[in-house]
Colleague: 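I'd like to ask you about the structure that follows.
Note that ligands are numbered from 1 as they come in the structure, with each ligand's atoms numbered from 1 the same way. Fair warning: this is a prediction, and the values are worked out from it, not measured in the lab.
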Amino acid sequence: MNLKYYRLKIPMKSPFTTSFGTTLDKDVIIFELNHDGIKAFSELITSEDPFYGPEDNTTAFHIIKNYLVKLIQNLPSPEKFNEISNFIRGNNMAKAAMEMLLYDYHSKVAEKPLFEFINEKPRGYANAGISLGIDKINVTLEKIQQSLDKGYKRIKVKIRKGGEVSILAPIRDHFPDIPLSADANSDYTVKDFKTLEKIDKFDLIYLEQPLYHDDIIYHSKLAKILSTPICLDESITSPEIAENAFEIGACRVVNIKPGRVGGLYNSNLIAKIASNNKGHAWIGGMLETGIGRSFNIAMASSELIDYPGDTSPNERYFSQDIVDRLFEMNDGIIKPFNSPGIGVKINESVLTQFKVEEGVLS
Ligand SMILES: [Mg+2]
């Protein structure tokens, strides 16, 4: 088994602003496994800074190099990998990068497309929504119209404390009936419940992660006050926490980012928990390249994922992606590729253009 990694710096098409800051170019780490003529890939979803979650590129790479690579030497099944890597606490993003590598590898061995390999109930396509960063309101309104014209099935806007009404009111004035949601990325605290009540009049499908990044208790209190359903994103880091969150009524919707929950195996478990609790689930993203994106689209192509996700086609974020095939969206639907595994591989000439480092891990 040969395991390589590539570090790349890919320019973003346009700056993407959330309550964490603005991204201009993306530091990407890709893994490539070679064994018996099969080539598998995965992408680490951490970024340079530990602002979205506790891991960053440096910490995750350390965990992979010094702990996880040993565990994948014999190419265990992803389920087995989940079990044997459990002694390492947390570090879900690092674990997910190795778990997804194994999923791509094993679905290629089984000669099945990943979306069929992982989903008990494959639907065969992902419903696409769009997530819009914070911008001047006229720019946002224009972007919403363009997104609707392109067929996106749900519009999500990022909001910041104090700016919620000035963002949402003009949107609702211009677009009274569109499926709209708002993502606060934990910008509010328990002192802001009164402010958050103002959001109810905008008839959102859900309000995403208003409070602390690791909280479910305060969210359950807020859920009792708001008529807007709460969607948890950052707080859902494991199937156990998802179970607890539904149990105490902290959310009715979950945003599953496969990379944040340790991979696709846990993503499936969380989607089942949402469904068993009459909740809803969708698949989020972390501005991945076509490698990471293909795992998200495979996961989003399950019947259990009943809400549109943040699963745009490739050209949305990067002027040039690093893969040889690009996803297309038609009428708000993105189909995974019907070839074994993730169905994409690295485009060598683009790789050379953006590569800043490469190395062998095993
Ligand atoms: Mg979010």
Colleague: Can you tell me if E208 has an N, O or S atom under 2.8 Å away from the Mg ion (ligand 1)?
Modeller: yes

Colleague: Name the one of F327, Y125, F115 that satisfies ring-ring contact (aromatic ring centres under 6.0 Å, His included) with F337?
Modeller: F327

Colleague: Under 3.5 Å, is there a donor-acceptor pair linking the side chains of S362 and Q73?
Modeller: yes

Colleague: Please name the atom of D233, restricted to N, O or S, that is closest to the Mg ion (ligand 1).
Modeller: OD2

Colleague: Is D183 close enough to the Mg ion (ligand 1) to have an N, O or S atom under 2.8 Å?
Modeller: yes

Colleague: Would the distance check show the side chain of D56 and the main-chain N or O of T59 forming a donor-acceptor pair, the cut-off being under 3.5 Å?
Modeller: yes

Colleague: Do E357 and Y5 get their side chains close enough for a donor-acceptor pair, meaning under 3.5 Å?
Modeller: yes

